[in-house]
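Encoded as structure tokens, the structure appears first; notes follow it.
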2 protein chains.
Amino acid sequence: MNAKGKLIIIGGAEDKEGKCEILKKVVKMSGGRDSKIVLMTTATEHPKEVGDLYIKIFNKLGVNQIDTVNINSRHDASDSHYVQLIDNSTCIFFTGGDQLRITSLLGGTSAYYALHKAYSNGALLVGTSAGASAMSSNMIVTGTDDDAPKYCTLKMAPGLGIIGEVVIDQHFAQRGRIGRLLVAVAENPHMLGIGIDEDTAIVVSENIFNVIGSQSVTVVDGMPISHTNVSELGHKEPIALTDIKLHILPKGYGFDLRSRTPILADGDKTNEEDR
Amino acid sequence: MNAKGKLIIIGGAEDKEGKCEILKKVVKMSGGRDSKIVLMTTATEHPKEVGDLYIKIFNKLGVNQIDTVNINSRHDASDSHYVQLIDNSTCIFFTGGDQLRITSLLGGTSAYYALHKAYSNGALLVGTSAGASAMSSNMIVTGTDDDAPKYCTLKMAPGLGIIGEVVIDQHFAQRGRIGRLLVAVAENPHMLGIGIDEDTAIVVSENIFNVIGSQSVTVVDGMPISHTNVSELGHKEPIALTDIKLHILPKGYGFDLRSRTPILADGDKTNEEDR
């Protein structure tokens, strides 16, 4: 775990027309009217449309200083103007698209180090959809939706490394992704699986996350797994797993990432000993 | 639990053209070439097509005595000819369709008591898809696919009561149904949730089930749930649940329904104490 800064990870399709609960939280944690938001549109192949959409919404939510940083090549990622915008921002917001574009174009560049530095110095980092996946050290690239967990059906890659020891998945219930998250957790149960629904987000700070938004967060804890055959299978064979622990956490609930303990809506942690 | 007879519950879409693993098992447990299979097509609105399809397959698998019992009204369900066919069968096979047709047309009729009697006397009972759902005492009628578990989104009804203390769901991974099964389990964690994938079945005998077929069975054990807010919510609000236990069991694995313990492919039970 190295989630020491401020981080909001959104499961995609956050409300942009109604109460905008999640985006309002982004603004609040970025400094309200004084926010300096940098929109990272690298993931999408429609950076202009996506950038303009978020500019319009953040304007409506009271923020005036918003810059789109459309890094479209590794060359762009060393552009000192972009690096300066990141350095001076209070919030770096990764849009949706393809998470592999984020990591393959930014990885190891000046922009990459700038965003890590900004995060360490207190800037809020935000990712939605592909931007959400990219936040973890081990990132899901693709997998099969609405399917049983199966051997070799998950493509992973090194993510931005903003938060370690977890695997993030997005559009979670809406695309039937528990199977693919179970594959990731089965492959190394040390990694906590975090499945974030659409219009739902986790706000991470000091190794605690809190859930906001209209749907739920599914936590897949593989630590208690007592049996698995994941290393013994052929291609696409279904995986056996016993004694997985699952938590379903809607708005108001939280989770302690170090102790792997849910935090109830009234602030109490569940206590295994007391049950 | 009252699964004292022989029972095969199929998650729908069982292979009918390739190796026919599941349907071969049906034939084997019905008495092989001496099987007397009664096809219960009540669930479907296309009884002729569905009946003929299964007759063709079971013929191919070596069975000659197959009768379609198309009970299409409560009046039909008292027909003594149908009752006699059920009485004399070695296998009663419920096809897919709408599970509410099965229970609303058969419930409390002569055919209903005949099939319970046949099951008690050793006939194999089989249900696929809607026929699978109907087997439990508490039956899922409809719910939302690919969704977070939410209050009041599940319609349940009394099932045929062949197997108690469980809730069966079908087309499980393929339709993203963990959310709706979690609702059922949350509402009464005494009930064990059993989600059966397509082309996958559980063979139940003496309160043990074994998995056959190409995909997986998901067991949702709500007994360890330490917190839930399911009784405190408004319509369609997402449900909080902590410490659910999950098992993913492909072919070769089994489960002891009384002790709620997975049985590994080599026959060993996992032992919580030994972990």
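All chains are named by letter (A, B, ...) in the order of the sequence lines, taking the proteins before the strands, and each is independently numbered beginning at 1.
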Give the member of A/Pro149, A/Pro238, A/Ala186 that has the highest number of heavy-atom pairs under 4.5 Å with chain B.
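Most pairs with chain B among the choices: A/Pro238.
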Sort out for me which of A/Ile178, A/Val220, A/Asp197, A/Ile239 touches chain B most, counting heavy-atom pairs under 4.5 Å.
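Heavy-atom pairs under 4.5 Å are most numerous for A/Ile239.
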Please report the closest heavy-atom contact between A/Phe255 and A/His247, naming both atoms and the distance.
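That would be CE1-CD2, 3.6 Å.
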Top contributor to chain A contacts, counting heavy-atom pairs under 4.5 Å, from B/Leu249, B/Val219, B/Asp147, B/Asp221:
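Most heavy-atom pairs under 4.5 Å with chain A: B/Asp147.
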Given the options B/Leu246, B/Thr228, B/Val211, which has more heavy-atom pairs under 4.5 Å with chain A than any of the others?
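Heavy-atom pairs under 4.5 Å are most numerous for B/Leu246.
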Do the ring centers of B/His235 and B/Tyr151 come within less than 6.0 Å of each other?
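For B/His235 and B/Tyr151, the ring centres are not under 6.0 Å apart.
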Nearest 0.5 Å, what's the [atom1]-[atom2] distance between [X] and [Y]?
X	Y	atom1	atom2	value
A/Thr153	A/Glu237	OG1	CD	12.0 Å
B/Leu124	B/Ser30	CG	OG	4.5 Å
B/Tyr253	A/Leu241	OH	CG	9.0 Å

Under a 4.5 Å heavy-atom cut-off, does chain B meet the side chain of A/Thr200, its backbone, both or neither?
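Neither part, no heavy atoms under 4.5 Å.
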By a 4.5 Å heavy-atom criterion (distance strictly below it), what part of A/Lys251 contacts chain B: side chain, backbone, both, or neither?
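Neither part.
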Contact part of B/Ser214 toward chain A, heavy-atom cut-off under 4.5 Å: side chain, backbone, both or neither?
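The backbone, not the side chain.
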Would you call A/Asp169-A/Arg180 a salt bridge at under 4.0 Å N-O?
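Result for this pair is yes, salt bridge flagged.
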